2 protein chains.
Amino acid sequence: MSRHTRQAQFARALIELRSLVVDGSIPAGTRLTETAMAERLQLSRTPLRQAMDRLVDEGLLERIETGGCRVARFTMADILDAIEIRGVLEGTAARLAAERGISAERSAQMGDILAGLDTAVDPARFDFESYVRLNDDFHRLLPELSGSEIVAREVARASRLPAASPGAFMQGQELIPDFRTSLTRAQHQHRCIFEAILAREGTRAEALAREHARLARMNLEYITTQRPNLADRVPGLALVTE
Amino acid sequence: MSRHTRQAQFARALIELRSLVVDGSIPAGTRLTETAMAERLQLSRTPLRQAMDRLVDEGLLERIETGGCRVARFTMADILDAIEIRGVLEGTAARLAAERGISAERSAQMGDILAGLDTAVDPARFDFESYVRLNDDFHRLLPELSGSEIVAREVARASRLPAASPGAFMQGQELIPDFRTSLTRAQHQHRCIFEAILAREGTRAEALAREHARLARMNLEYITTQRPNLADRVPGLALVTE
DNA sequence: CGCCAGAATTTTGTATACAGGGCACGGCAG
DNA sequence: CTGCCGTGCCCTGTATACAAAATTCTGGCG
């Protein structure tokens, strides 16, 4: 395997190890030995160690005092808290965007995304794929509207917490019928958040963005109570023990 | 240098390199070469690289596309945003603590800290050293009151952003006279936050904690406008350009 | 005199070697 | 039979070796 891109082995280690952890291939609590994992992923310990450090930072692994690390365990409360934090930070980004104002260019970008989402949730030409992609775009652009690198980075970081990302519950076609009305509601919230930002209503923008994140909480509760067999479709949910 | 503690070289690399960066010994924008720095700190590239990765994550260094990294540059706006984020997250911790309630044990702990702070700011027996230490304790305990590992971790992370930590402006004895009234005000806010938590007033607790973080902003503005020659006493402020 | 090409050198990314410490297993004593 | 200790294996942390990429320097050409 040659080095076509910068840090190819490290990138591969990070992606593959993260996959193994979030999809439950390696059960929560398992101790990871560097040598065995390096063997399994066909690379040396150096980039693997780097990847493990990173995953510890992301919260997917936890370090053992004596050395090495193990797959982290989460409670449902942890997931809810992670969603709460993402909501709080997205809310802050929305509030700052409203308070400081946004550029015409970004406003136009956001307008396009929202128009696309309107189409995607239109019952006549409902398009789940598009929705997922555009929803992602929305949540990637929103932090940038704050105009702050620092804020954007922290929102992105919070979105990496297990099962806290805006698209975490958008896997699996099986759930489309269940979520269809939820998506319409979500899109309405998208529009309201953007309007509040344009109207310079900081407090309202913040509250709306927080409430929007609660949709993820509702989806989580819906899945675990109504469709428990689909729970392992949500990345990170495999790590939940109680 | 023997390995008495776990990861001794890495810990040393992290501490020493971070010091060099935050106190301005290595100017913002400087490219760091691993070999030179390893030589300078008298250790091998492996633990040094680990430390650099960590500092990139903390935001003190930034990676160069081509490889390696350089000391990050900050604007004053970045520092203010970092303080804002810390305030928002501390506010969330306070709100959750109020909403969920706290244990008698932690309540007692917090009571002790606040009593100590009352003594420290008492004009009769004013004690700056004690204040700094107890203020630190307050800000370490507050996130834990939320009862959430995840929230506590994210608050701690936000406090590591350059010049955003609660004690960032508590260096340097020279400023004691200037800050004396400010400390009294801060302690009053500490008390109010705790009372709001005990009274289960989540919104008020959140707002107060946010406002409390604004004190750091005021201190920053005071130092830069009134005492610019003391600016380099504040860790991280050396990285601010323009 | 400036600019570009190519070689030398530096620097990173990855692999591997090595040493110290922890943990497990087995033997020995009570 | 059970508990404690010793020994050996394995695992981590650190150092170092090596190759590919990048940067710098130099010499030649326009």
Side-chain angles (χ1 to χ4, degrees), chain A residues 1-21 25-73, chain B residues 1-21 25-73:
Chain A
M1 206 125 306
S2 65
R3 304 97 176 115
H4 281 138
T5 150
R6 208 90 265 235
Q7 298 204 123
Q9 301 308 303
F10 165 62
R12 193 162 66 84
L14 187 59
I15 291 170
E16 298 190 8
L17 184 53
R18 194 195 280 123
S19 292
L20 287 173
V21 172
S25 301
I26 308 177
T30 312
R31 176 165 184 183
L32 297 182
T33 73
E34 295 174 3
T35 42
M37 194 54 57
E39 173 82 13
R40 182 165 173 180
L41 298 183
Q42 295 284 4
L43 35 77
S44 86
R45 282 177 57 211
T46 309
L48 176 70
R49 263 178 83 84
Q50 236 180 313
M52 287 171 82
D53 277 349
R54 175 73 170 267
L55 293 181
V56 166
D57 196 78
E58 287 185 16
L60 287 177
L61 304 180
E62 53 191 29
R63 191 141 281 134
I64 302 175
E65 314 69 42
T66 155
C69 44
R70 75 164 70 92
V71 178
R73 296 174 187 281
Chain B
M1 204 126 307
S2 64
R3 304 97 176 113
H4 281 140
T5 149
R6 207 85 261 210
Q7 295 204 128
Q9 303 307 304
F10 165 62
R12 193 161 66 84
L14 187 60
I15 291 170
E16 297 188 10
L17 184 54
R18 194 193 283 122
S19 291
L20 287 173
V21 172
S25 301
I26 309 177
T30 312
R31 177 166 184 180
L32 297 182
T33 72
E34 295 174 4
T35 44
M37 194 53 58
E39 173 83 13
R40 181 165 174 181
L41 298 183
Q42 295 283 5
L43 35 76
S44 86
R45 281 177 57 212
T46 309
L48 176 70
R49 262 177 86 83
Q50 237 180 312
M52 287 170 83
D53 277 349
R54 176 71 171 266
L55 293 180
V56 166
D57 195 78
E58 287 185 16
L60 288 176
L61 304 180
E62 53 192 28
R63 191 141 281 132
I64 302 176
E65 315 70 43
T66 155
C69 44
R70 75 164 67 93
V71 179
R73 297 175 188 279

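As the structure is a computational prediction, the values presented were derived from the model and not from experiment.
- In this structure, CG of B:Leu14 is placed 15 Å from P of D:dG13, rounded to the nearest angstrom.
- Taking 4.0 angstrom as the limit, B:Thr46 places none of its side-chain polar atoms (N or O) nearer than this to OP1 or OP2 of D:dT14.
- Remark: P of D:dA21 and CD of B:Glu34 are 17 Å apart, rounded to the nearest angstrom.
- Distance, B:Gln50 CD to C:dT14 C1': 15 Å, rounded to whole Å.
- Nearest to the side chain of A:Arg6, among D:dG13, D:dA21, C:dA15, sits D:dA21.
- Considering only the side chain of A:Ser44, C:dT16 comes nearest among C:dT16, D:dT14, D:dT23.
- Between the B:Arg12 side chain and the B:Leu41 main chain, a donor and an acceptor come within less than 3.5 Å of each other.
- The interatomic distance linking A:Glu65 (CD) with D:dG13 (C1') rounds to 16 Å, in whole Å.
- Atom CZ in A:Arg12 sits roughly 8 Å away from atom P in C:dA15 (whole-Å rounding).
- In terms of phosphate contacts, A:Arg45 brings no side-chain nitrogen or oxygen within less than 4.0 Å of OP1 or OP2 of C:dT16.
- Side-chain contact check for B:Arg63 versus B:Asp53: some heavy-atom pair is nearer than 4.5 Å.
- Nucleic acid contact for A:Leu48: none, since no nucleic acid atom lies under 4.0 Å from a heavy atom of the residue.
- Although no hydrogens or angles enter the test, the distance criterion places a donor-acceptor pair under 3.5 Å between the side chain of B:Arg6 and the main chain of A:Thr66.
- Considering only side-chain N and O atoms, B:Gln7 lies under 4.0 angstrom from the phosphate OP1 or OP2 of D:dG13.
- The distance between atom CE of B:Met52 and atom P of C:dT12, rounded to the nearest whole Å, is 7 Å.
- Residue-level contact check: A:Leu32 touches the backbone only, with heavy atoms under 4.0 Å from sugar-phosphate atoms and none from bases.
- Residues satisfying the salt bridge (charged side-chain N to carboxylate O under 4.0 Å, His left out) criterion with A:Arg70, sequence neighbours excluded, are A:Glu62.
- Between B:Thr66 and A:Gly67, the residue anchored closer to the 5' end of DNA chain D is A:Gly67, taking for each the nucleotide with the nearest heavy atom.
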